[in-house]
J.: 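Could you have a look at this structure, given as structure tokens, before my questions?
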Amino acid sequence: MIEVRFTAYEYNSNDSFSDSVYEMKGSEESGWQILRNSSPYLELGKGYRLLKTELCGICSTDLDRRFLPFPLPQIIGHEVVASDYLTGQKYVLEINDTVVSRGEEADPFCQVGIPTHSPTRMVLGIDRLPGGFGPYILAPKGNLIETKQLEDMEAVLLEPFAASLHGVEVSLGRVGADLKKVGADLKKIAVLGPRRLGSLVIAALDLYRKRNKLNYEIVSLIRHQNLADLSLRMGADQVLYFSKLGEGDIKEGLLFEKNVGAPTSASWPDYKHSFDLVFDTTGSISGLETSIYLTRKEIHRKTTNGQASLGIAHLTELVVDEISVTNLRSDFLNLVWGIEVSLPAWVFISSSVSLIKEEKELLDDLEKKDKIRIFTGSIEEGTRFLGSKEFGGVLPRFDFAIIDSSSELDLVIRPDKKEEKSLVRPRGSILISKSAEHESNLFLDWITGGGILSTSRCGDFVRTRELLISEPGFLKSVSENLISKEFDSRSIPEAYTNARKPENIKVVVRHKAS
């Protein structure tokens with residue numbers, strides 16, 4: 001049996017830190033007991049390995065942790081480089097603790113290829129599992145990804161870069177079925193809020209463009225002028241600076257271009273609906289509305305700030321579940337991605353929806369061809385139906401939900417406030433009927449006008465690492481440009497405060513050998 005005892009900073013719901021004493025007792029073969037201030041905190045089964053934390057990055061999710069629907073206090077931090085307690089081998093840690101990563105029998109979510117969405121999962125430094133702000137971590141053996149050739153400051157960015165690359169692949173995959181169509185349809189991509197995550201999205205877009213020989217233009221939109229040079233170094237072709245970005249009264253700004261000296265003037269109205277795709281990485285309430293101004297086509301949301309926007313309360317949960325929102329379009333079955341499913345697809349239709357003629361004909365035709373099965377009823381009735389014998393889906397969720405009001409959007413995302421469970425399966429779609437046009441709502445108007453709100457979160461660590469190893473020097477250059485400060489783990493509250501300062505892009509915490 002292994003036993004460690006340590007004092008760690010816990011994050012509290014009032015946005016403060018306090019000390020607590022933790023004990024971890026057990027083994028990878030028998031399981032673990034975690035005590036907090038001498039009281040039971042968490043029991044873990046076999047399959048977890050004790051690791052020493054080496055580095056931990058601070059990201060926007062950490063800074064907004066108090067808004068997320070998971071218990072506090074907790075030792076937070078999930079961008080982790082750690083070493084084996086016994087051998088010293090270094091790893092980057094995949095953050096989702098699932099039955100697959102523990103070596104147990106796969107549940108239905110794992111069986112269809114989405115283990116990171118298993119309802120039984122815990123999440124390192126976010127949901128229950130003590131994270132990288134502590135000197136020791138217990139992680140499932142399947143989540144240990146060897147750093148190989150990656151240096152520490154590269155490895156600590158693997159988690160956020162994998163998430164960024166995943167978002168790029170999800171969005172560009174929706175534009176067309178092949179790269180030729182992507183190249184034809186995508187001309188101009190905007191990244192809104194390019195700081196910690198947004199800068200990595202720019203880098204991922206640039207890497208994806210080069211490897212696939214695409215020609216889209218990457219434009220960074222900033223409200224702090226000191227970020228202009230960083231965006232250009234990350235791979236942006238242009239940077240638009242507007243000091244009041246995200247506010248109502250935006251007029252004149254500056255345009256910075258790669259390999260061009262002084263900036264030129266830019267007029268905000270010139271950029272209305274001028275982008276094919278906008279990545280919202282702002283972490284702000286205004287990000288969604290600003291994105292709607294910039295594109296008629298697609299917004300990809302990477303923000304998990306736990307806060308409402310445009311009257312929608314569960315946008316963070318939408319991102320966590322990687323659910324998309326769009327209009328009830330004729331090709332909606334083609335929206336399926338990243339999951340092994342077979343037809344017929346299950347479609348929920350809210351009983352409050354008054355489908356227009358074309359929508360009725362579309363659904364009738366698909367149902368006759370046995371491509372879909374339909375359940376019509378209230379949200380409550382739909383929830384009960386999922387648990388009935390009549391429902392024959394592989395996962396206890398609908399593939400699609402059709403609604404026509406903003407109030408039902410939140411109810412579909414989280415029908416029961418006590419459960420982190422959507423009416424629609426992870427990577428499913430919520431479809432807005434065009435009958436929703438009678439409701440005056442900026443977001444619904446944008447959706448029924450043809451827009452898509454897509455979302456994504458965690459990426460594939462192994463595949464991303466191998467891609468980065470094939471591009472030597474790429475992530476090293478990114479880390480040198482992005483990481484502003486390093487703090488000792490004894491100064492975590494100070495590090496956290498500094499991570500919020502506009503002049504600091506990325507702050508990391510290093511745990512030194514005791």
Side-chain angles (χ1 to χ4, degrees), residues 49-59 61-62 77-97 101 116 124-125 131-133 135-137 139-169 195-208 210-211 230 233-235 302 457-489 495 499 505-513:
R49 189 173 300 176
L50 182 68
L51 304 167
K52 294 178 68 175
T53 312
E54 302 283 341
L55 277 176
C56 184
I58 302 177
C59 78
T61 300
D62 298 318
H78 59 274
E79 298 179 354
V80 179
V81 179
S83 59
D84 189 287
Y85 179 75
L86 298 175
T87 68
Q89 171 70 55
K90 285 187 179 181
Y91 300 97
V92 180
L93 303 186
E94 212 288 343
I95 70 174
N96 294 284
D97 173 1
S101 61
T116 57
L124 178 72
F133 284 11
Y136 294 94
I137 280 173
K141 58 186 179 182
N143 285 2
L144 278 56
I145 312 300
E146 290 186 22
T147 56
K148 290 192 174 180
Q149 292 98 315
L150 297 180
E151 298 177 5
D152 281 3
M153 286 302 188
E154 297 174 88
V156 78
L157 294 179
L158 184 61
E159 191 277 336
F161 186 78
S164 301
L165 182 63
H166 178 52
V168 169
E169 292 175 332
R195 290 181 59 78
R196 302 169 196 89
L197 185 60
S199 294
L200 291 174
V201 170
I202 290 174
L205 281 166
D206 188 38
L207 182 62
Y208 190 90
K210 289 174 180 175
R211 288 183 67 91
L230 173 66
R233 293 199 304 270
M234 289 295 101
K302 296 292 290 185
R457 52 181 184 93
C458 303
D460 186 313
F461 278 39
V462 173
R463 192 164 60 82
T464 303
R465 181 197 60 191
E466 295 309 303
L467 170 65
L468 291 169
I469 288 174
S470 72
E471 296 283 342
F474 173 81
L475 196 57
K476 183 176 179 63
S477 174
V478 169
S479 69
E480 289 173 348
N481 283 295
L482 202 61
I483 297 175
S484 308
K485 287 188 176 181
E486 177 185 310
F487 286 81
D488 185 275
S489 59
I505 308 304
K506 189 71 176 181
V507 170
V508 299
V509 171
R510 184 179 292 276
H511 292 263
K512 296 181 179 178

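In this chain, residues are counted from 1 in sequence order.
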J.: Could you tell me whether the side chain of D62 reaches within less than 4.5 Å of the side chain of E79, counting heavy atoms only?
T.: no
J.: Hey, does L468 have a side-chain heavy atom less than 4.5 Å from the side chain of L158?
T.: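 Contact flag for L158/L468 side chains = yes.
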J.: Where do C56 and G132 come nearest, in terms of heavy atoms and distance?
T.: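 It is CB-O, 3.4 Å.
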J.: How far apart are the closest heavy atoms of S101 and N143, and which atoms are they?
T.: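 Scanning both residues, the minimum pair turns out to be CB-OD1, 2.9 Å.
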J.: Does anything in residues 153-168 form a salt bridge (Lys or Arg N to Asp or Glu O under 4.0 Å)? List the pairs, not counting sequence neighbours.
T.: none
J.: Is there a side-chain contact between C59 and H78, using heavy atoms and a 4.5 Å cut-off?
T.: yes
J.: side-chain contact (heavy atoms from CB on, under 4.5 Å) between L144 and L93: does it pass, once the steps are laid out?
T.: CA-CA 5 Å; L144 278 56; L93 303 186; 4.2 Å; yes
J.: Restricting to side-chain contact (heavy atoms from CB on, under 4.5 Å), what partner residues turn up for R233, sequence neighbours left out?
T.: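 R233 satisfies side-chain contact (heavy atoms from CB on, under 4.5 Å) with D229, L230, N481 once adjacent residues are dropped.
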J.: With side-chain contact (heavy atoms from CB on, under 4.5 Å) as the criterion, how do L165 and L467 come out once you've worked through the C-alpha distance, each side chain's angles and the decisive distance to 0.1 Å?
T.: CA-CA 10 Å; L165 182 63; L467 170 65; 3.5 Å; yes
J.: What I'd like to find out is whether the side chain of L207 reaches to under 4.5 Å of the side chain of F161, using heavy atoms alone.
T.: yes
J.: Just wondering, do K210 and E471 contact through their side chains at under 4.5 Å, heavy atoms?
T.: no
J.: Would a distance-only check, ignoring hydrogens and angles, find a side-chain to backbone donor-acceptor pair under 3.5 Å from K52 to A82?
T.: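 No.
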J.: What is the distance from atom CD1 of I202 to atom CG of L197, rounded to the nearest 0.5 Å?
T.: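 Going from the CD1 atom of I202 to the CG atom of L197 covers 10.5 Å.
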J.: Minimum heavy-atom separation for D460 to A162, with atom names?
T.: O-CB, 4.3 Å
J.: Restricting to non-hydrogen atoms, name the atom on L200 and the atom on S164 that form the minimum distance, rounded to 0.1 Å.
T.: CB-OG, 3.4 Å
J.: side-chain contact (heavy atoms from CB on, under 4.5 Å) for V462 and E94? Distances and angles first, verdict last.
T.: CA-CA 9 Å; V462 173; E94 212 288 343; over 6 Å; no
J.: Salt bridge or not for K148 and E466, using N-O below 4.0 Å?
T.: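 Result for this pair is yes, salt bridge flagged.
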J.: Using the side-chain contact (heavy atoms from CB on, under 4.5 Å) rule, take V92 and R465 through it: C-alpha gap first, then chi angles, then the decisive distance, then the call.
T.: CA-CA 10 Å; V92 180; R465 181 197 60 191; over 6 Å; no
J.: Does the T464 side chain pair with the main chain of F461, one donor and one acceptor, at a distance under 3.5 Å?
T.: no
J.: Between atom CD of E54 and atom OG of S489, what is the distance when rounded to the nearest 0.5 Å?
T.: 11.0 Å
J.: Under a 4.5 Å cut-off applied to non-hydrogen side-chain atoms, are V156 and I483 in contact?
T.: yes
J.: Working to the nearest 0.5 Å, report the span between CD1 of I505 and CG of L482.
T.: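 If we round to the nearest 0.5 Å, I505:CD1 and L482:CG are 7.0 Å apart.
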J.: Hey, what do you get for CG (L51) to OH (Y136), rounding to the nearest 0.5 Å?
T.: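 The CG atom of L51 sits 11.0 Å away from the OH atom of Y136.
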J.: Just by modelled atom types, is the R457 backbone N or O under 3.5 Å from a matching donor or acceptor in the K302 side chain?
T.: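 Yes, K302 side chain to R457 backbone: donor-acceptor pair under 3.5 Å.
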J.: Considering all heavy atoms of both residues, which atom of V507 and which atom of A495 are nearest to each other, and what is their separation?
T.: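 Where V507 meets A495 most closely, the heavy atoms are CG1-O, 3.8 Å.
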J.: For residues M153 and V508, determine if any side-chain heavy atom of one lies less than 4.5 Å from a side-chain heavy atom of the other.
T.: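 A side-chain contact exists here, since the closest heavy-atom pair is under 4.5 Å.
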J.: Could I get the full list of side chain to side chain donor-acceptor pair (under 3.5 Å) partners for E486, not counting sequence neighbours?
T.: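 If we apply the side chain to side chain donor-acceptor pair (under 3.5 Å) test to E486, skipping adjacent residues, the hits are R510.
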J.: For R196 and A499, indicate whether the former's side chain and the latter's backbone hold a donor-acceptor pair under 3.5 Å.
T.: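 Answer holds: yes.
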J.: With rounding to the nearest 0.5 Å, note down the distance linking CD in E480 to CG in L475.
T.: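 Answer for the CD-CG pair, E480 versus L475, is 10.0 Å.
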J.: Locate the shortest heavy-atom distance separating R211 from S470; write the atom from each residue and the value.
T.: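 R211 and S470 have their closest heavy atoms at NH1-OG, 3.4 Å.
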J.: Drop me the distance from K476's NZ to Q149's CD, to the nearest 0.5 angstrom.
T.: 13.5 Å
J.: Mind checking whether I58 and F133 have side chains closer than 4.5 Å, heavy atoms only?
T.: yes
